[in-house]
Amino acid sequence: MGIGELDREAHVPEGRPKGTAAGPRTLAEALRARGDDGLAALLRARPDLLGPVPNDLTQLATRAGTRASVVRALERLDRFSLQVAEALAVAPDPAPYPVLLDLFTGGREEPETEAALPGAVALLREQALVWGEDDRLRLVRTARELLAPSPQHPSPTGLGPTVAEATAGMSPGRLQEIVAAAGLPSTHDPVSAVAALTRLFTDRERMGALLDTAPPEALAVLDRLVWGPPYGEVTARPTAPVGWLRDRGLLLPVSPRTMVLPREVALHLRGGRAHRAPEPRAPEVGVVRAYRPQVVDSAAAGQAYAAVATVEELLKSWDHGGPAVLRAGGLAVRDLKRTAAALDVPEPVAAFWLELAYGAGLLASDGEADERYAPTPAYDDWLDQPPAERWARLAGAWLKATRTPGLVGGQDAKGRTLSALGPDLDRAAAPEVRHRVLALLATLPPGAAADPETLLARLRWERPTRGTTTARSTSAPAASVPAPGTDAGTTRAETGAAGPWASEAGAARGTGGTSAPRPAADLRERLARWALRDAELLGITGRGALSTAARALLNLPLDAPAGPAAEGGGVEPEVAAERAAELLEPLLPRPVDHVLLQADLTAVAPGPLLRPLADALAVLADVESKGGATVYRFTPGSVRRALDTGRSASDLHAFLAAHARTPVPQPLAYLIDDVARKHGHLRIGAASAYVRCDDDALLGEILADRRSAPLRLRRLAPTVLAAQTDPSSLLDGLRSMGYAPAAESAEGDVMISRADAHRTPPRTPPAPVPDGPPAPDATLLKAAVHAIRAGDHAATAVRKEPAVPVTTGGLPRTSAAETLATVQAAVMTGSAVWIGYVNAEGAASQRVIAPVRVEGGFVTGYDHTADEVRTYPLHRITGVAELADEEV
C-alpha cells in the first residue's frame with residue numbers, strides 16, 4: 001500500500017482492537033477513557049508529569065505535550081519504539097495501523113516486525129506519545145515536530161518533505177509545467193496539480209512506468225538520495241539527468257541551488273519502507289567465556305579484599321592530612337600522580353579509588369583555612385567493620401554515585417581540565433547505566449562473562465538517543481545540506497561519479513537510516529565501559545562475570561539467569577548489603593596474628609594481619625612490597641619512629657617476640673638497641689630552639705659540621721646550643737644529619753610524639769545528582785490518580801446554566817446573596833453544587849461539593865474533588881451553579 005492509499009476500511013490484524021468512529025478527538029479524551037491502571041502506568045513511565053500533580057486530565061494532556069517532557073520521553077524509548085514514532089512522523093496524520101505496518105514491511109511478510117509492532121504502538125500509547133484507535137493513530141504534535149523532516153532538521157528516517165510541502169510557494173505556471181512533463185492532464189489550480197502529482201507518485205504502477213523512461217544516470221542520482229539525506233546541490237545549469245528529474249517533479253527545488261527528493265518518490269524507491277533496517281528485536285548479549293561460579297566468586301572475592309585494602313591504604317597515607325585542595329576544588333595533577341605512584345596503579349585507577357572513598361563518605365576536605373583532604377570520622381567507623389561489610393559499603397556507594405571518575409583528565413565545556421575530587425564530575429545517567437550493565441550481566445548464566453561489544457550494542461538499542469539529543473533538538477549535520485560552492489561535487493554526482501551525495505548516502509546506509517551518525521565518544525557508551533572496568537576493580541565481577549555476592553547486593557537470583565528486564569528491587573538496600581556481605585565473608589582471607597622475621601631486617605606477613613598488629617608494625621617498619629604476602633623492612637628511621645611514640649627498646653623486643661613465629665634475628669636486635677642508645681641523647685626545646693647534651697664533644701661535632709650552617713647554631717654553654725629556627729625544623733635538620741635527637745617539654749621532660757590522626761568535621765557523602773524526577777511509589781501514584789480523577793470530574797461536571805450566565809476565567813460568578821441562597825438550598829435538599837473558589841494565595845479552582853452546614857460565613861460540606869469534608873469561607877467562593885445531574 002502506498003503512503004497515499006488511506007483505506008479507512010482496511011483490515012485490522014486479528015487480536016488487535018478495531019477503531020470506531022466514536023474514537024477520542026483529543027489526547028485529553030483518550031486519557032479520560034483510560035482506567036486508573038492506565039493513568040498510573042503513564043505517570044510511572046513519565047514521572048515529570050507529576051511535578052506538581054495536574055488538576056485534571058486536560059492539564060495532564062497539556063503537560064504531556066510540552067517539548068521538554070516529550071523530548072525526555074523520546075530519549076527513554078528503545079530503538080524500535082523510536083523507529084515507530086519516526087515512521088508515524090512521516091505518515092499521514094492520522095495514520096491507520098496498516099499504513100504504519102507497510103512503512104516497516106513494504107507490503108511483504110516479515111513475521112518478526114509484525115509481531116513486535118503492536119507492542120511498540122502500545123508502549124507509545126501508554127506513554128501518551130501516540131493516541132487514538134488503530135484506524136486513526138496520531139503522534140502527539142510536539143513529537144511530530146521533533147521527528148518530522150525539514151530542511152534545517154533532517155528526519156532520522158532520511159526522508160524529505162512531501163510534494164505538498166516542497167511545492168508550497170511554487171508558481172502555478174511552474175506546477176503546470178511539471179504536471180505536463182509527468183504526463184498528467186493540466187489542472188485549473190495549484191491544489192489540484194499538487195494532488196495529481198501526489199497520486200502519481202503514490203501509484204506504484206504509474207510511478208514504475210514513469211521511472212522506466214528515466215535515463216540510467218537519472219536513476220543513479222535517485223539511488224544516491226533515496227536513503228538520505230534527501231538534499232543535494234545543483235549548478236546553475238544542471239546536467240541532463242538532473243534536469244529530467246527536475247522537470248517531472250522527481251526532484252523539487254527548495255532554494256535556487258538546492259533540490260530535494262520528495263517523500264512520496266523516496267518511499268516508492270524504497271519499496272514503501274520508512275527505515276532501511278528496522279530493528280524490532282533487541283540484540284543478544286554474547287558470552288565470551290564461561291567459568292565455574294566458584295571460580296568467579298573466588299576471583300571477585302580476591303579483588304574485593306584488594307579494593308578494601310587499597311582504600312584503607314590510601315586513607316591511612318592521608319591520616320595526618322592529605323594534599324591541599326585546589327582553589328577551584330579538587331586534587332592537583334601532581335598530587336594525583338603521587339597518589340597513583342604510592343598505590344602503584346595508573347592515574348585513572350587512582351582517580352577511581354579517590355572518588356570511591358569520597359562517594360562513600362570516607363574522605364572529604366577539612367574546611368580549614370589551609371584546606372586539605374583528610375579522612376572523615378566515618379572512616380574510623382568503617383575500619384571497625386568486618387572486611388565484607390566494608391566492601392558492601394563501598395559497592396553500595398559506587399552503585400548510586402553520579403560522580404564519574406572516568407572523566408578525570410578530560411575537559412569541560414569551557415576547556416578546563418577536570419580534576420579528581422573536583423566539581424563538574426557528576427553525570428546523572430551514571431547510576432542507571434551501571435545498574436543496567438549489571439542487570440544485563442545477570443541475564444547470562446552464572447559464571448558467564450559477557451562480550452563487551454554485544455553488551456554495548458544492547459545498550460545502544462535500549463537507549464538509542466541517550467547521551468545525545470533527539471533528532472530535531474539539534475541542528476542538522478553539515479553534510480545534510482551541501483554548502484554553497486561545491487559545483488564540482490554536484491557535477492560528479494550528476495554524472496554518476498563518487499561525489500558528496502554518494503558519501504552521504506553511504507553514511508545514511510551505515511546507520512540504517514534510523515538516526516544521525518552517533519558521536520564516537522557517546523557518553524552512555526563510555527559510562528558502560530567504565531562500569532565494566534570499575535566493577536572488576538571493585539570485585540562486583542570476577543573475570544568479567546557477575547559474582548554471587550553482587551547478585552545479592554542487586555537483589556537478583558543467585559543461581560539462575562535473571563529475566564530480560566532484570567532490575568534490583570523487593571528488599572531494602574541495607575538488607576541486600578547485609579546478605580551480600582554474608583555471602584562474601586567466607587571467601588575472604590582470614591587475618592593472621594604473626595609475622596616471619598628474617599635476618600635481612602625484613603618481616604613477612606603471610607596474610608592480612610589483625611588490625612592492632614598491622615597498626616603497630618606499620619609504625620615499627622616500612623612496607624617494602626605488597627601482594628599475597630606483605631614484606632616489611634626495619635630501618636633506623638622506622639625504629640626511631642617507634643621510639644618517638646613512647647616505646648622503649650625492651651617494649652619493641654617484647655612486641656617482636658610475641659608476634660613472630662621465628663626467633664628475633666640478631667641484626668634486628670642490634671638495630672633496635674643501637675637506635676635506642678642514641679635516641680634522646682640530644683634534647684631540643686624552645687628558645688627559639690635549643691640543643692642540650694651532656695656530651696660537650698658531641699655538640700662541638702655538630703657545630704663543626706657544615707650541614708648545620710642553615711640551622712644557625714651557637715654555643716650558649718658547654719652543654720647547650722641555641723638555634724635561630726623553630727624546634728620542629730631543628731629536630732628535622734639534626735635527624736637529616738644522622739643524629740637521633742628527642743624533643744623535650746618546657747619542664748625538661750622528653751616529649752612523646754603520638755600518631756594522632758587528622759580528621760575532618762563530620763561530613764555527609766556527596767548527594768547524587770538526580771536524573772530527572774524520582775520514580776513515584778505505589779502510594780503516590782494512587783493518590784495522584786485519585787486527585788486527577790476528582791479534579792477532572794469537577795472540571796467536566798455538567799451544570800445548569802444560570803439565568804444570567806457570567807463567568808470569570810472559567811469559574812462561575814454569582815452575587816453573594818445568590819451564592820448563600822443556592823448553598824442553603826443545597827443543604828436542605830442534600831444535593832451537590834459546583835463552585836468556584838479562590839484560596840488565600842490567589843489560586844483559583846473548581847470544586848464539586850455537597851454542603852451539609854452553612855454558618856458564621858462558612859460552608860461545610862463533602863468535597864468530591866478532594867474526597868474529604870472541608871470548610872470554605874463564603875467570601876472566597878466566586879460563584880455557584882447547580883449540577884444538571886446530581887450523580888457525583
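Computed from heavy atoms alone, side chains included, the values below leave out hydrogens, waters and symmetry copies. Just so it is clear, the model here is predicted, and its values are computed rather than measured.
With S81 contributing its side chain and D78 its backbone, the two residues share no donor-acceptor pair below 3.5 Å. Checking side-chain atoms of W318 against main-chain N and O of P323 turns up no donor-acceptor pair under 3.5 Å. With hydrogens and angles disregarded, no donor-acceptor distance shorter than 3.5 Å links the side chain of T602 to the backbone of V631. At least one donor-acceptor pair under 3.5 Å links the side chain of R46 to the backbone N or O of Q127. Looking only at distances, a side-chain donor or acceptor of E355 sits under 3.5 Å from a matching main-chain atom of L421. R403 contributes no side-chain N or O that, together with a main-chain N or O of L356, makes up a donor-acceptor pair within less than 3.5 Å. For S298 (side chain) and V295 (main-chain N/O), no donor-acceptor pair under 3.5 Å exists by modelled atom type. Here the side chain of E536 pairs a donor or acceptor atom with the backbone of G544 at under 3.5 angstrom. Of the possible polar contacts, one joining the R434 side chain to the W398 backbone as a donor-acceptor pair under 3.5 Å is found. The main-chain N or O of A545 is never found under 3.5 Å from a side-chain atom of S547 such that the two would form a donor-acceptor pair.
Contact detail for W461 and P280: the closest heavy-atom pair is CZ2-O, 4.0 Å. Heavy atoms only, all atoms of each residue included: A350 and L336 are closest at CB-CD1, 4.1 Å. Contact record, R551 with L546: CG-CD2, 3.7 Å, taken as the closest heavy-atom pair. Across every non-hydrogen atom of T662 and L596, the tightest pair is OG1-C, 3.9 Å. W530 and G406 make their closest contact through CZ2-O, 3.3 Å (heavy atoms, listed as atom of the first residue, atom of the second, distance).
Ion pairing between a basic and an acidic side chain is recognised when a charged N comes within 4.0 Å of a carboxylate O; E574 and R579 show no such pairing. Remark: R460 does not engage E279 in a salt bridge, criterion side-chain N to carboxylate O under 4.0 Å.
Of the options R763, R759, R372, H758, a side-chain hydrogen bond (donor to acceptor under 3.5 Å, both in side chains) to D366 is made by H758 and by none of the others.
Taking the side chain as every heavy atom from C-beta outward, L331 and S419 never approach each other to under 4.5 Å. Looking only at side-chain heavy atoms (C-beta outward), R76 and R463 come within less than 4.5 Å of each other. Looking at heavy atoms from C-beta onward, L553 lies in side-chain contact with I540 at the 4.5 angstrom threshold.
A cation-pi arrangement is found for R647 relative to F655, the charged atom lying closer than 6.0 Å to the ring centre and inside a 45° cone about the ring normal.
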(request) I would like to know whether Y379 and L363 meet side chain to side chain contact (heavy atoms under 4.5 Å, CB included); could you show each step before the answer? (result) CA-CA 8 Å; Y379 168 64; L363 174 68; over 6 Å; no

(message) Is there a side chain to side chain contact (heavy atoms under 4.5 Å, CB included) between L538 and W391? Walk through the geometry before answering.
(response) CA-CA 8 Å; L538 194 51; W391 172 83; 4.3 Å; yes

(request) Walk me through it: do L610 and H659 pass the test side chain to side chain contact (heavy atoms under 4.5 Å, CB included)? (result) CA-CA 11 Å; L610 292 173; H659 295 94; over 6 Å; no

(request) Please test L523 against V433 for side chain to side chain contact (heavy atoms under 4.5 Å, CB included), starting from the C-alpha separation and ending with a verdict. (result) CA-CA 10 Å; L523 175 61; V433 172; over 6 Å; no

(request) Could you please spell out the steps behind the salt bridge (charged side-chain N to carboxylate O under 4.0 Å, His left out) verdict for E371 and R327? (result) CA-CA 9 Å; E371 195 172 16; R327 183 177 300 176; over 6 Å; no

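Annotation for D381: atom CG counts as buried by contact number, over 12 foreign heavy atoms lying within 6.0 Å.
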